[in-house]
Each structure stands twice: as structure tokens, then as C-alpha cells.
Amino acid sequence: MNDTRITPETNGVRFGLLTAGALILYTLIAIFAGFFDNLGAGALNLIILVIGISMAIANFKRVKEDRMPYLAGFGTGIVTAIVASLGLGFFFIITSAIKPDVLDLSHARDLFGYDLSALMAFLAIILMGSLGGAIISLVAMQYFKSPDHKPIEGIE
């Protein structure tokens with residue numbers, strides 16, 4: 001089942017939207033259940049991101065019949081993280097417009113000052129999700145790289 005139409009970008013966007021949906025659902029649950037202000041509960045966002053990136057890379061490898069180039073897998077992980085972060089960031093802006101006191105629920109005001117705007121929170125979500133996603137993708141590719149992948153020799 002080699003689908004030649006799938007690219008790292010299309011795969012990353014599809015799984016990024018799925019991951020964003022999971023992040024948004026978890027954020028909604030956290031807000032309505034009253035544990036959005038718990039910083040420890042925010043660690044589950046990172047776990048959801050790890051699962052989304054891993055699923056995207058695994059799917060890309062499966063579609064390419066285990067012949068996935070290293071940088072293509074790395075790219076699909078990064079695109080997944082960026083799309084998921086953008087989705088969560090836009091959701092946070094919309095949530096802040098509907099429920100303006102949502103920033104008061106988070107401890108982000110302690111880190112960035114009390115007057116953290118929704119735009120600054122959006123940018124922080126994008127930055128943390130994208131950089132975290134790049135690191136997660138690097139680690140995940142150590143497990144998903146092709147069995148015949150050999151490092152470049154003779155560079156020293």
C-alpha cells in the first residue's frame with residue numbers, strides 16, 4: 001500500500017490537526033473540571049504531543065513501506081508539532097475572547113507578569129510546541145529510522 005501522494009507535509013498536517021483536536025479537548029476538560037491552573041496537569045499536553053508526533057512518523061513509515069528517508073520522518077514530526085501548536089494557540093485566543101478570565105486560571109501570569117495578553121500566550125504556545133516538537137521528532141526518529149540507515153562517514 002505505497003501511497004506516493006503522501007508527503008511529510010500532508011502527513012504532518014493531517015496528524016497535526018488530530019493532535020490539535022486532542023490538545024483542545026484536553027484543555028476544555030481541564031478548564032471545565034477546574035484543574036487548568038495545575039502546572040503538573042499541563043504535562044499531559046506534552047505527552048499528547050509526543051503521541052501525535054510518534055503516530056505521524058509511524059504512519060509515514062508504514063505508508064512508505066519502511067523506506068522512509070530520515071529527514072522526511074523528521075520533517076513530518078516538525079510539521080505535526082507546528083500545526084498542533086497553531087491549533088491550540090488559536091483555540092486559546094478564542095477561549096480568551098469567550099472567557100476573558102482564562103488567563104487568570106493559569107500560572108503563566110506568574111512567569112510573564114500579571115498582564116499576559118492572549119497574543120503573548122499564543123506566541124508562547126507556538127514557540128514551546130514547535131521547539132518541543134523538534135526535539136521530540138529527533139528522539140522519535142531514533143526509533144523509527146529505516147533499518148538500513150547508515151550515518152554519513154568521512155566527515156571528520
Side-chain angles (χ1 to χ4, degrees), residues 1-33 35-36 38-99 102 106 108 111 118-156:
M1 180 173 152
N2 190 1
D3 187 3
T4 57
R5 296 171 299 185
I6 193 168
T7 64
E9 294 82 13
T10 58
N11 189 56
V13 167
R14 183 172 64 181
F15 279 90
L17 291 173
L18 290 171
T19 305
L23 289 168
I24 289 168
L25 180 66
Y26 173 67
T27 303
L28 279 173
I29 291 170
I31 289 171
F32 291 121
F35 62 90
F36 184 71
N38 184 352
L39 285 179
L44 189 57
N45 281 343
L46 183 62
I47 293 170
I48 293 170
L49 192 60
V50 167
I51 291 170
I53 290 171
S54 298
M55 286 175 49
I57 295 172
N59 179 65
F60 191 67
K61 183 176 182 179
R62 182 186 53 77
V63 167
K64 294 297 182 181
E65 297 175 354
D66 290 342
R67 309 296 304 163
M68 173 183 64
Y70 187 88
L71 291 178
F74 182 54
T76 198
I78 290 174
V79 171
T80 301
I82 290 171
V83 170
S85 298
L86 281 170
L88 182 62
F90 282 120
F91 171 75
F92 199 79
I93 287 177
I94 293 167
T95 303
S96 296
I98 294 171
K99 185 177 171 145
V102 75
S106 71
L111 298 173
L119 178 63
M120 290 302 293
F122 171 78
L123 294 174
I125 289 170
I126 300 298
L127 180 66
M128 290 170 41
S130 299
L131 293 178
I135 293 168
I136 292 166
S137 297
L138 276 173
V139 172
M141 279 308 296
Q142 298 308 308
Y143 297 102
F144 290 110
K145 65 185 174 187
S146 297
D148 61 347
H149 175 75
K150 305 230 183 322
I152 299 173
E153 296 178 2
I155 293 182
E156 298 90 36

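By convention here, the first residue in the shown sequence is residue 1.
- The minimum heavy-atom distance linking I57 with G73 is given by the pair CG1-O, 3.5 Å.
- Separation of atoms CD1 (I53) and CD1 (I48) is listed at 12.0 Å; rounding is to 0.5 Å.
- Expressed to the nearest 0.5 Å, how far CG of L131 lies from CD1 of I136 amounts to 10.5 Å.
- Considering all non-hydrogen atoms of both residues, G129 and S85 come closest at CA-OG, 3.1 Å.
- Here the side chain of T10 pairs no donor or acceptor atom with the backbone of I6 at under 3.5 angstrom.
- For the atom pair CG (L44) and CG (L49), the distance works out to 11.0 Å, reported to the nearest 0.5 Å.
- Using a 4.5 Å heavy-atom cutoff, the side chains of F92 and L88 are not in contact.
- For A81 against G133, the heavy-atom pair with the smallest separation is CB-CA, 3.5 Å.
- To the nearest 0.5 Å, the span separating NZ on K64 from CG on N59 amounts to 11.0 Å.
- Considering T80, I78, V79 in turn, I78 is the only one that fulfils the side-chain contact (heavy atoms from CB on, under 4.5 Å) rule with I82.
- Considering all non-hydrogen atoms of both residues, A56 and F15 come closest at CB-CB, 3.5 Å.
- Heavy atoms only, all atoms of each residue included: Y70 and Q142 are closest at OH-NE2, 2.8 Å.
- When all heavy atoms are compared, the tightest approach of S54 to F144 is O-CZ, 3.8 Å.
- Here CG of N11 is found 5.5 Å from CZ of R14. Values are rounded to the nearest 0.5 Å.
- Remark: L86 CG to F91 CZ distance equals 15.0 Å, nearest 0.5 Å.
- Checked by atom type and distance alone, the side chain of N45 never pairs as donor or acceptor with a backbone atom of L23 at under 3.5 Å.
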